[in-house]
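Structure, as C-alpha cells:
Numbers here simply count residues along the sequence, with the first being 1. The figures that follow rest on heavy atoms only: side chains count, while hydrogens, waters and symmetry mates do not. Just follow the structure's listing: the first ligand is 1, and inside any ligand the first atom is 1.
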Amino acid sequence: MLNLLDYDLDALSAWFSELGEKPFRARQAMRWMHREGCDDFDAMTDVAKALRAKLKEQAEIRAPALLQDSLSSDGTRKWLFDVGDTNAVETVFIPEAGRGTLCVSSQAGCALDCAFCATGKQGFNRNLTVGEIIGQLWLANKLLGAAVADGGVEDRDNGRIISNVVLMGMGEPLSNFDNVVAALRVMLDDHAYGLSKRRVTVSTSGIVPAIDRLREECPVALAVSLHAPDDALRDHLMPINRKYPLRDLMAACRRYLERAPRDFVTFEYVMIDGVNDTDAHARALIALTRDVPCKFNLIPFNPFPHSGFVRSPVGRVRHFAGLLLNSGIIATTRKTRGDDVAAACGQLAGQVRDKTRRTGVCSLRTMEEVFS
Ligand code: SAH
Ligand code: SF4
C-alpha cells in the first residue's frame with residue numbers, strides 16, 4: 001500500500017500521470033490531505049468517483065501512530081510517535097504570542113554522537129520516511145484542533161496555529177537529506193501547508209556538502225550547531241568536526257547566505273560549565289564568526305545521566321551573552337520556562353520505552369532556544 005504522505009507534489013503528479021490522471025488532480029489531493037487533514041478518499045468530494053476508487057485500492061494516508069500526547073502547564077504540547085521496531089520519536093509544539101512553533105524529528109536516534117547530546121548517546125536507529133516527517137506536522141495540525149481556512153491552518157486571532165517549523169527534534173536532518181527535502185517541499189507548497197521559507201528552519205551539526213545541496217535544492221532558514229570556537233574543542237564535543245572543520249563550515253555558511261531566505265545564520269551554542277563558556281571562548285567565537293552574518297542562541301546545557309557535563313550558571317550565560325552583544329552580535333538565551341517541561345519530557349519518553357529516554361530534552365530545549 002502506498003502512503004500518500006510520502007509524496008511531495010512532483011512525486012504525486014508523477015504517480016497520478018501513471019494512473020492516467022491530470023496534474024491538477026494531484027493538486028486537489030494534496031489540498032485534501034494537507035489543508036483539510038483528510039485521510040479518507042471518500043471524503044474528497046470534488047475528486048471523481050472512479051479516481052477515488054483507484055486511490056482506495058492502491059494507497060492510504062497514514063501518519064505515524066501516536067503513543068502519548070501531553071500538555072504542559074505553559075501550553076507546550078508534546079507527542080510521542082511510534083515509528084516501528086521499538087523506536088519512538090518526539091514532536092513538540094510551543095505556542096507563543098503571535099506564533100506557534102512545531103519541532104519535528106528527522107531520524108530515530110542519531111549517528112553523529114555529539115558528547116553532550118542524549119539523542120546521540122542512543123545511537124542511530126534509522127531515517128524517518130517522508131511520511132513520518134510530514135506526518136508529524138499533519139497530525140499536530142489535526143490534534144491542535146486547527147480550523148482549516150483558505151491559505152492554511154488559521155489561529156482564532158492572528159496567523160496560523162503552526163506558523164513555524166524547526167527540524168530540531170531527534171536526528172541530523174541533513175543526514176536524511178532526500179526525505180527531509182521532500183518533506184520541506186510539502187511544508188512550503190501552497191497546495192499543502194504554504195509556510196514561508198523564512199519560517200521553516202533546518203538545524204544541522206555542520207555537514208558541509210549537504211549545506212551546499214540544501215542551498216541549491218531548498219534554501220530554508222539555517223541553524224548551525226556550533227558549540228565550540230576552535231577545532232580542538234569542537235572535535236572533542238562534535239566528532240563530525242573532524243570531517244568538516246570550522247574553516248570549511250564558516251565558508252559553507254557564507255555560501256548558504258547567498259541563497260538563504262534570511263540574511264543571517266543562527267548559531268546554536270550549548271553552554272557547558274567550564275568547557276566552552278569562558279570569556280576566552282566568547283572572544284574566540286567573535287573572531288571566528290566575524291565574516292558570517294549571524295545570530296547566536298545560547299542553550300544552557302540540559303543534563304542527562306552520565307553525561308559528565310554540567311550546565312553553565314545563569315550569571316555565566318548572561319555574561320557570555322553580554323560579551324557577544326558588546327561586539328555587535330545578537331545573542332538570545334533559551335527561556336527557563338521549559339526546564340521543568342524538559343524534565344517531564346524526558347520522563348515521558350522513558351515511560352514508554354527505555355531507548356527513547358531523554359529524547360524530549362533534546363527537542364524541547366531546541367525550540368525554546370531558537371524562538372526565545
Ligand atoms: N542534529 C541537529 C538537530 C537536532 S539537535 C543539530 O545537531 O543541530 C538540536 C539542538 O540541540 C542542537 O543545537 C544540539 O546541539 C542541541 N543539544 C543537543 N543536546 C543538548 C543538551 N543536552 N543540552 C542542550 N542542547 C543540546
Ligand atoms: Fe545528532 Fe544533533 Fe544530537 Fe549531534 S546534537 S548527536 S547531530 S541530534
_Distance filter under 4.0 Å to G169 heavy atoms, resulting ligand 1 atoms_ = 4 (C)
*asked:* Quick check on contacts: which atoms of ligand 1 are under 4.0 angstrom from a heavy atom of H227?
replied: 13 (O), 14 (C), 15 (O)
*Hey, is M238 one of the residues with a heavy atom under 4.0 angstrom from ligand 1?*
no
*asked:* Counting backbone and side-chain atoms alike, is an N, O or S atom of C110 positioned under 2.8 Å from atom 3 (Fe) of ligand 2?
replied: no
*Taking non-hydrogen atoms only, is E172 closer than 4.0 angstrom to ligand 1 via side chain, backbone, both or neither?*
both
*Without hydrogens or angle criteria, can the side chains of S175 and Q107 be said to hold a donor-acceptor pair below 3.5 Å?*
no
_Taking salt bridge (Lys or Arg N to Asp or Glu O under 4.0 Å) as the definition, give me every residue that meets it alongside E18, ordered by chain and number, with sequence neighbours left out._
none
*Atom indices of ligand 2 within 4.0 angstrom of D113 heavy atoms, with elements*: 6 (S)
*Taking the six-membered ring where the residue is Trp, are the ring centres of F116 and F304 under 6.0 Å apart?*
no
_If the cut-off is 2.8 Å, does any N/O/S atom of C114 fall short of it from atom 1 (Fe) of ligand 2?_
no
_Aromatic contact, F267 with F296 (centres under 6.0 Å)_ = yes
_Does this structure show an ion pair linking D231 with R247, if we count only N-O contacts that are shorter than 4.0 Å?_
no
*Within less than 4.0 angstrom of ligand 1, does G120 place any heavy atom?*
no
*Compute the shortest N/O to N/O distance between G171 and ligand 1 and return yes if it is under 3.5 Å, no if not.*
yes
*Which bit of M170 is near ligand 1, meaning a heavy atom under 4.0 Å away: side chain, backbone, both or neither?*
neither
*Chi angles and distances behind the side-chain contact (heavy atoms from CB on, under 4.5 Å) call for H227, V275*: CA-CA 10 Å; H227 307 323; V275 172; over 6 Å; no
*Counting each atom of ligand 2 from 1 as listed, which ones have a heavy atom of G120 under 4.0 Å away?*
6 (S)
*How far apart are the C-alpha atoms of D273 and R311, what are their side-chain angles, what is the distance that settles it, and do they pass the salt bridge (Lys or Arg N to Asp or Glu O under 4.0 Å) test?*
CA-CA 5 Å; D273 191 26; R311 175 183 293 185; over 6 Å; no
*Are R316 and D279 ion-paired here, with the side-chain N under 4.0 Å from a carboxylate O?*
yes
*Should you measure from each heavy atom of S205, which atoms of ligand 2 turn up under 4.0 Å away?*
7 (S)
*Does ligand 1 have a heavy atom under 4.0 Å from the side chain of L112, from its backbone, from both, or from neither?*
neither
*Provide the number and element of each atom of ligand 1 under 4.0 Å from a heavy atom of T204.*
6 (C), 8 (O)
*Just which atoms of ligand 1 are under 4.0 Å from any heavy atom in C117?*
18 (C), 19 (N)
*Within 45° of the six-membered ring axis of F177 and under 6.0 Å from that ring's centre, is NZ or CZ of R213 located there?*
yes
*Hey, is ligand 1 close enough to V270 that some N/O pair sits below 3.5 Å?*
no
*asked:* Check this for me: does any side-chain nitrogen of one of E96 and R99 sit under 4.0 Å from a carboxylate oxygen of the other?
replied: yes
*Would you kindly specify which portion of I299 sits under 4.0 Å from ligand 1, judged on non-hydrogen atoms: side chain, backbone, both or neither?*
side chain
*Name all pairs fulfilling the salt bridge (charged side-chain N to carboxylate O under 4.0 Å, His left out) condition that reach into residues 50-62, sequence neighbours left out, sorted by first residue then second.*
E21-K54, D42-K56, E60-R62
